[in-house]
Amino acid sequence: MIRTVFLLLFVISFGFVAEAQWKPNYDESKVPEFKLPDPLKTFSGKKVRSVKQWEKKRRPEILDYYQQNIYGEVPGKLAISSVDVLEESSNAYGGKAIRKQVELSFEKNKQSLHFTILIYLPKTDKKVPLFLGYNFYGNHTVTDDVNVLISTAWVDNNPSFGIVNHQLTEQSRGVRTNRWAIEKMLDAGFGFATIYYGEVDPDTNDLTDGVQRLFYVDDQQQPADNEWGSIAAWAWGLSRAMDYFEQDEDIDASKVIVFGHSRLGKTSLWAGANDQRFAGVIANNSGCGGAALFKRQFGETIWRINRSFPHWFCDNFKNFNNDEKKLVVDQHELIALVAPRPVYVASAEEDQWADPKGEFQGAYYAGPVYKLYGKKGIQDDTQPPVNKPIINTVAYHIRSGVHDVTDFDWEQYINWAQKFIQ
């Protein structure tokens, strides 16, 4: 017993020491040499020369590898049990938009889950394309609209937003309007939909309070090693929103663009890879586990992200801590899984933690798969100047500033979506 306690204390203390001593690499000269896997060569070494070979052989094996080793697979199916329109108005944003607040409910194994989609649609007789994205602090934070309902779900404390005791209040209404250019979307003919991600799975290292628990049997408290972490759970929620959009007569479900920032940018890429109904994907400052190449080990690394957020990925992903070279995929292949649908990767100049160069290279090296479909990727392997977007089927920009979402970002996304999706 004493020996066990001693070993436990040693492991804990060693972990603290290791974390205290670890420093992120921000020096390009210290990026290790590596060879990226060829997205058009199967694990057995066979060259992929056609769309059919990609879709029948290579794409499925890459997707399965990600499911089993990085994000985790969803252990079953779960359809919407009920749809409830909680509130609706035709007089939002000064009368230019329709507002809907729709609750989706799910039931399985005597457990239930509910999440609410806030939707704004421009007034028109036609079905409209839509940007869909999660928010971090509740639907009421993305707009000053006093009619948006406040979530009762658990939320991470943020005293600067008036969020204490893990509860949302009126004080936090509109605190994140700067990240959502809703009126710009509406004026361009796009709808907008958002979900508080904590209603699908609270962002804590506890997988007993989100959607995963609906699939547990007997005394299970944790997904299996190859099953979904939070990112895959959040991606699952985006697909269930898509299930609803296919029923909504005001929305063109063939033109839904999934957007995400930071950890939710990782989520949007994974959702787009898994669900080919999404017409396009935007990953804003998605970094490690998103668009950035793992093998560069620049900024955040696999070990560091698993240490800080052990619930985001499946447990099998921890097998690659400090051993990126063992991965037989890299994130250019995640982006390639979106092909031939349009994808936009964006970085911020001062966001070195997310490795802007690695994000650019992830987008660039997805190009051969897009070329297979006759689509235009990024043509030059040199990262473009700051604030000079590359607008192709595979699009990219690095803007000035920090880890955030800005009007500049949205202006590019809207312009790109008008060209390739609307």
Side-chain angles (χ1 to χ4, degrees), residues 28 31 33-41 47-55 58-59 62 257-260 265-266 268-269 272-273 276 278-287 290-296 298-299 329-349 351-352 354-401 406 408-422:
E28 283 293 329
V31 171
E33 290 188 10
F34 61 88
K35 183 179 180 180
L36 284 179
D38 185 345
L40 294 180
K41 184 177 288 186
K47 188 67 178 175
V48 173
R49 303 184 187 279
S50 68
V51 168
K52 182 177 179 180
Q53 289 175 322
W54 165 258
E55 293 182 349
R58 183 59 170 148
R59 188 183 191 279
I62 295 174
I257 307 150
V258 63
F259 162 88
K266 310 178 204 305
S268 66
L269 283 169
Q276 294 178 289
F278 290 115
V281 178
I282 302 170
N284 188 89
N285 303 178
S286 58
L293 298 177
F294 288 126
K295 291 179 175 61
R296 279 176 47 80
F298 188 101
V329 298
D330 214 323
Q331 296 305 83
H332 63 304
E333 292 171 302
L334 173 65
I335 296 168
L337 291 175
V338 179
R341 293 161 293 149
V343 62
Y344 200 131
V345 172
S347 307
E349 185 180 21
D351 188 14
Q352 294 300 298
D355 186 13
K357 184 174 181 179
E359 292 175 319
F360 167 75
Q361 290 182 337
Y364 172 77
Y365 286 110
V369 177
Y370 279 85
K371 186 177 180 180
L372 200 66
Y373 283 96
K375 302 294 184 179
K376 190 174 182 180
I378 298 170
Q379 305 299 296
D380 191 334
D381 64 359
T382 303
Q383 193 171 12
V386 173
N387 300 328
K388 298 292 184 181
I390 298 170
I391 305 296
N392 295 329
T393 303
V394 181
Y396 176 83
H397 73 247
I398 178 170
R399 60 158 170 79
S400 55
T406 69
F408 176 86
D409 294 315
W410 276 112
E411 286 162 6
Q412 314 319 311
Y413 301 150
I414 291 169
N415 176 43
W416 165 79
Q418 287 176 319
K419 289 183 178 180
F420 293 99
I421 297 170
Q422 191 173 42

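Note that these values count all heavy atoms, side chains included, but never hydrogens, waters or copies made by symmetry.
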Point to revise | Neighbour count above 12 (heavy atom, 6.0 Å) for Lys47 NZ | key: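 Atom NZ in Lys47 is crowded, with more than 12 foreign heavy atoms closer than 6.0 Å.
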Do you know the tightest heavy-atom contact between [X] and [Y]?
X      : Y      : answer
Glu359 : Ser347 : OE1-OG, 2.6 Å
Trp416 : Pro342 : CZ2-CB, 3.2 Å
Tyr373 : Val51  : CE2-CG1, 3.5 Å
Ile335 : Ala366 : CG2-CB, 3.7 Å
Ala273 : Leu334 : CB-CD1, 3.9 Å
Ser268 : Ala283 : OG-CA, 4.0 Å

Please report the interatomic distance [atom1]([X]) to [atom2]([Y]), rounded to the nearest 0.5 Å.
X      : Y      : atom1 : atom2 : result
Ile390 : Asp380 : CD1   : CG    : 7.5 Å
Asn284 : Gln412 : CG    : CD    : 11.5 Å
Asn392 : Tyr370 : CG    : OH    : 11.5 Å
Lys41  : Arg49  : NZ    : CZ    : 9.5 Å
His332 : Leu36  : NE2   : CG    : 4.5 Å

Exercise for review: Check the pair Tyr365, Gln331 against side-chain contact (heavy atoms from CB on, under 4.5 Å), reporting the backbone distance first and the verdict last.
Suggested key: CA-CA 9 Å; Tyr365 286 110; Gln331 296 305 83; over 6 Å; no
Exercise for review: Let me see the working for Gln383 and Tyr364 under side-chain contact (heavy atoms from CB on, under 4.5 Å), right down to the final yes or no.
Suggested key: CA-CA 9 Å; Gln383 193 171 12; Tyr364 172 77; over 6 Å; no
**Study point:** Under 3.5 Å donor-acceptor, Asp330 side chain and Lys295 backbone
**Key:**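 Yes, Asp330 side chain to Lys295 backbone: donor-acceptor pair under 3.5 Å.
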Review point. Does Thr393 offer a backbone N or O that forms a donor-acceptor pair with the side chain of Lys376 under 3.5 Å?
Key: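 Checked: no pair found.
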Check your understanding: Can you list the steps and then say if Asp355 with Gln361 is a side-chain contact (heavy atoms from CB on, under 4.5 Å)?
Key -> CA-CA 10 Å; Asp355 186 13; Gln361 290 182 337; over 6 Å; no
Check your understanding: Quick one: side chain to side chain donor-acceptor pair (under 3.5 Å) pairs with a partner in residues 333-345, sequence neighbours left out?
Key ->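 Applying side chain to side chain donor-acceptor pair (under 3.5 Å) to every pair that reaches into residues 333-345, excluding sequence neighbours, yields Arg58-Glu333, Tyr344-His397.
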Point to revise | Residues Ile257, Gln422; criterion side-chain contact (heavy atoms from CB on, under 4.5 Å); working and verdict | key: CA-CA 10 Å; Ile257 307 150; Gln422 191 173 42; over 6 Å; no
Check your understanding: For Glu411, which residues count as a salt bridge (charged side-chain N to carboxylate O under 4.0 Å, His left out) partner, sequence neighbours excluded?
Key ->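 For Glu411 the salt bridge (charged side-chain N to carboxylate O under 4.0 Å, His left out) partners, ignoring immediate neighbours, are Lys184.
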Exercise for review: Please tell me if the side chains of Val338 and Phe278 come closer than 4.5 Å, counting only heavy atoms from C-beta onward.
Suggested key: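 No; the side chains remain at least 4.5 Å from each other.
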Review point. Does the side chain of Ile62 come within less than 4.5 Å of Trp54's, by heavy atoms?
Key: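 Of all side-chain heavy-atom pairs linking Ile62 with Trp54, at least one is under 4.5 Å.
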Check your understanding: Taking only residues two or more places apart in sequence, or in another chain, which ones meet Glu33 in a side-chain hydrogen bond (donor to acceptor under 3.5 Å, both in side chains)?
Key ->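 Result, side-chain hydrogen bond (donor to acceptor under 3.5 Å, both in side chains) vs Glu33: none returned.
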Exercise for review: Examine Tyr413 together with Trp410 and report whether their ring centres are nearer than 6.0 Å.
Suggested key: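 Centroid separation for Tyr413 and Trp410: below 6.0 Å.
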